[in-house]
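Residue numbering restarts at 1 for every chain, and letters A, B, ... go by the order of the sequence lines. Because the structure is predicted, anything quoted here is derived from the model rather than measured.
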Amino acid sequence: MIPVSEQLDHFFTEKMKEYPTQRSFLVPMLLYAQDELGCLSNQAVEYIAGKAGLSQLEVRNVISYYSMLTTKPRGRFHVQVCTNICCQLRGAEDLFEHCKQRLGIGHKGVTSDEQFSLEEVECIGACSWAPAAQVNYDFHENLTPEKMDQVLDEYRSR
Amino acid sequence: MADVTITIDGNKVTAPAGTLLIEVCKSIGTEVPAFCYYPGLSLQAACRMCLVEIEKMPKMQTACTVPISEGMVVHTTTDKVRQARKSTLEFLLGNHPLDCPVCDAGGECELQDMTFSYGAAESKFMEAKLHRDEQQWSPVVFFDRPRCILCYRCVRVCGEAMDVWALGVQNRGSASIIAPNEGDHLECEECGMCIDICPVGALTSGAYRYKTRPWEMKHVGTTCMHCGDGCKTTLGVRRHETGMQIVRGDNRDKSGINGDFLCIKGRYAFDVTHSDERLTQPLVRHEGRLTPATWEAALELVASTFKRIRDEHGGSAIGVIGSNRTTNEENYLLQKFARVVLGSNNIDHHRTADFPALAAALKNTQVRTAGMRDVFNAKTILLIGNNPTDQHPLLAWQIRNNVRLHKARLFVVNAQDIKLHRQATAFAQVPSGSEAFAAAFLAGNDSVGESVGGDARNALLAMRQALKGAEEAVVIFGSEIRGAQVKAAVNLASALNAKIACLGDYANSRGAADMGLYPDLLPGYAQTSSEIFTGHWGALPEQPGWNIEQMVNAARDGQLRALLCVGSNPVVRYNVDPFVLQKTFLVVNEMFMTETASLATVVLPAACAYEKSGTFTNTMGDLQVVKKAGDLAGTKPDFEIVIEIADRMGFDVRKLVSLGGGTRADMGQSRGAQTGEADRHAVWLEAQNLEPRMTPFDPAAVLDEIQRLVPGYGEASRLNVAAGNDEHTTALEAGQGSATSDPDLVVPSEDTLFTSGTLGRYSNTLHSVIESRRKVPADKKTPV
Ligand code: SF4
Ligand code: SF4
Ligand code: SF4
Ligand code: FES
Ligand code: FES
């Protein structure tokens, strides 16, 4: 039994052919698998190591290097609040504090209903519209605590 | 590449373009400090310790990664460079625990040395240091994270050089940490290379940690006593209540055939020397039980019984079984003792490879034997049979790293899919037992193709093509090929214009063969009637004697009345029925109470190879020195035991150990008017790597005779051997050999990385590794 869907497995097999060095496809593979599974479980690591012809240790080394990769389950919506310099100057710290209060969790926490997880991150490249946050793959910009509430409510209702 | 000229601190240096700047600096004696750079491993540029200034380059450069180019002007001693070193050190020390007073590496730590040289006595770092408790990753590997300076040497040596890939780096930046492959522990070859290469005390060994300090040990360079590869080993010894105890094994000066390599056995299995089960007192059977006796009483009993049996029943009523772990000098002496003192050709040993057959097959060919260094430099290597990763770890290392660093082509023919397949250009899996046919097929003999089967035949055919025109090739074969079949391997080597090597087990199995522990062969594979030896020793028994099996049968029939068994366990190895030896006067020289020793009439406690001097010849024919490191009160070297027996039998021992001729230093002659001159002379000799020689107990006198009489040993430079280098010997090419020896007498040890024949059973380290994996299949009988 492979931990990912057959579709994804097939996609990996095909896509891999485009990479002269197979391990170059490792990070995309990890991201796709994480999107599908929510996190990179032991089974996922084993599966990807086998697929890429690497040792599990090597796969774990890569996962631990990138903060966007995780071996622990996150919420359905992963809220990442930037507190790097531009955002900080425009109130990101308060924004992050507000998110903590609102969701009742801290940095890297997950709500008990598993809907939300929260993370304080470095620059996400949206400095022109600071302060900014990223929820899964969507960006939300020029945020205030009020605006943030709307954003969260909207996700909650999805 | 073309030579270019660069300027380093005002000095012009010429070197090939592309050479790493750090190596060029080293070549002219300019020190560029480095942590992560390690010759032979991939470049890392992680530590920034090697920063230098290069004119026209805006920033300082890492000398370990910059290839030199024409006209480069380099500065390594400017204030800026010095400040950079200091800052890097301050940075590294930021989180370093500074527990030098208890750290194993204290005194030989690269970080300590650099700090001493470039100083960073003050630190701007005021925060609390990150602490993590020490972790045990395996019975031999411990990790102390705070001491780690993240140079990644361990990761690279384990992966690139060992091809184990058991260590990795997790997280990033200051949170980076070295991680073992199984999460919280290691499953690996336990070679300890990572520990040895660690510049600080972050990785430490279970055998040595917190035992002593480097400067409290004496360091003795000798040869490993385990497998047949003959790694040079530096043993650290310390005074102990029972003598000198060995506390550490490594190859400190990275010299010799193995460079910095040692496997788990060389590095940690010295612990057999201080096993609680060592025999330290002679034992004599008294009313059916082995009871402690004095050396005098035991030796007297042995000598008088041997003498009586020889005089009453002739020498052929006595047999001798020699050892694969005693020195060349002891082996030579033992067979000379058998032939000259006992008058018996009944001498044999536990054979693990068919060297006599190889000697015979090499007759009238141009094929030469390969040394261990050749394996690292050959362009093509053909390995038939054996699994070097388990049975010849150094050989595997040489092959692997030749492929990695010199792009050698490796061809593997084996019945199993062995690990070296990973380095192989081509691999052919052949049915077990058909290795010799495969060799013949590769040499162009199509008629044997059927014997290896269809798939294998195709693989071999492709290999035959690929081998065409191979240059500087080496053919290496295991004990799968023996007897008349050895000819096939020699023919193949001849067709490829290759050198050849045959793999035997145990530290001196080759020495045992070269020194004539055979019933039908004298030293140097000479016939029993060889005039070389009769000329010097006088008349010898002419008829070939009994081999091991024949001796056992003769014991059953009551014809073999006495048997001297030195450092060997034939009862297990050759499956001897214990009752067969009941009537025989059995004398066993041993370190431990083995199955054979427990049947003995007299057991004499022997010193092991780390407790005596002499030489070993590894399976490739490289002659190396064995130096006394440890010491265990109560034991004697086999050399001394044999001399004492001969002496007590009334034999003139000067005929056994000739103190005349050869390169010897006679202390008597060098003593002049001043008292103490002899001592000073001894000191001088030692400093010149020579040995003072004054008694018949001196193995070097026997080495003189070996070099005079044994063909293939004479050319070896004594000075070079004494200095700790290897000298290739050619007894196989020079000797007659014997193609008719019984191939069934060859019983390979089938040791793994974690066993070492009888010795391995007494090593706590090897045991704990095996235990920790609980992987030993229940049906596998105890290794002997
Ligand atoms: S002991 Fe050897 S095999 Fe094990 S991790 Fe260290 S270098 Fe690798
Ligand atoms: S454990 Fe030692 S060798 Fe490995 S990275 Fe750390 S300091 Fe370097
Ligand atoms: S490879 Fe053989 S000779 Fe070298 S350390 Fe290991 S056991 Fe000793
Ligand atoms: S600093 Fe927040 S997005 Fe760049
Ligand atoms: S030695 Fe050059 S960066 Fe480490």
Side-chain angles (χ1 to χ4, degrees), chain A residues 3 20-31 33-34 37 39-74 78 80 82-85 106-109 117 119-125, chain B residues 36 41-42 44-46 130 132 135 137-138 141 143 145 148 150-191 193-194 203 389 400 417 419 421-424 427 773:
Chain A
T21 311
Q22 300 224 319
R23 60 182 301 156
S24 311
F25 190 44
L26 179 61
V27 174
M29 250 163 99
L30 290 167
L31 279 169
Q34 174 169 306
L37 302 171
C39 73
L40 296 161
S41 58
N42 289 343
Q43 292 92 312
V45 170
E46 192 182 333
Y47 158 75
I48 287 174
K51 198 90 190 161
L54 298 169
S55 70
Q56 292 189 38
L57 176 68
E58 269 178 289
V59 174
R60 285 185 195 283
N61 294 346
V62 171
I63 295 174
S64 66
Y65 185 91
Y66 291 105
S67 54
M68 79 268 192
L69 296 173
T70 178
T71 52
K72 293 199 192 82
R74 290 172 172 164
H78 185 52
Q80 303 169 63
C82 169
T83 55
N84 212 312
I85 187 73
H107 172 58
K108 293 208 169 169
S117 48
E119 192 175 348
E120 179 181 9
V121 297
E122 302 304 329
C123 180
I124 55 176
Chain B
C36 69
L41 297 180
S42 66
Q44 191 81 38
L130 284 174
R132 257 234 195 164
Q135 299 170 341
W137 283 348
S138 83
V141 186
F143 181 58
R145 187 212 174 167
C148 171
L150 293 168
C151 67
Y152 311 131
R153 281 189 196 177
C154 53
V155 176
R156 284 173 288 153
V157 79
C158 181
E160 296 165 17
M162 289 303 297
D163 192 26
V164 175
W165 307 97
L167 296 173
V169 192
Q170 297 198 333
N171 308 331
R172 89 186 117 133
S174 63
S176 297
I177 180 168
I178 302 300
N181 57 358
E182 295 297 304
D184 60 348
H185 70 279
L186 269 173
E187 233 176 79
C188 67
E189 295 184 5
E190 312 281 1
C191 61
M193 289 299 295
C194 51
L203 286 164
T389 309
R400 224 167 27 229
D417 190 1
K419 188 181 161 204
H421 183 174
R422 308 209 313 223
Q423 276 71 33
F427 172 75
R773 324 196 147 204

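More than 12 heavy atoms of other residues, nucleotides or ligands sit less than 6.0 Å from atom CZ of B:R172.
For B:A166, the part lying near chain A is the backbone, with the side chain staying farther off; criterion is any non-hydrogen pair under 4.5 Å.
For residues 60-68 of chain A, the interface with chain B (any heavy-atom pair closer than 4.5 Å) comprises A:R60, A:N61, A:S64, A:Y65, A:S67, sorted by residue number. Residues of residues 44-57 of chain A that come closer than 4.5 Å to chain B, counting heavy atoms only, are A:L57, ordered by residue number.
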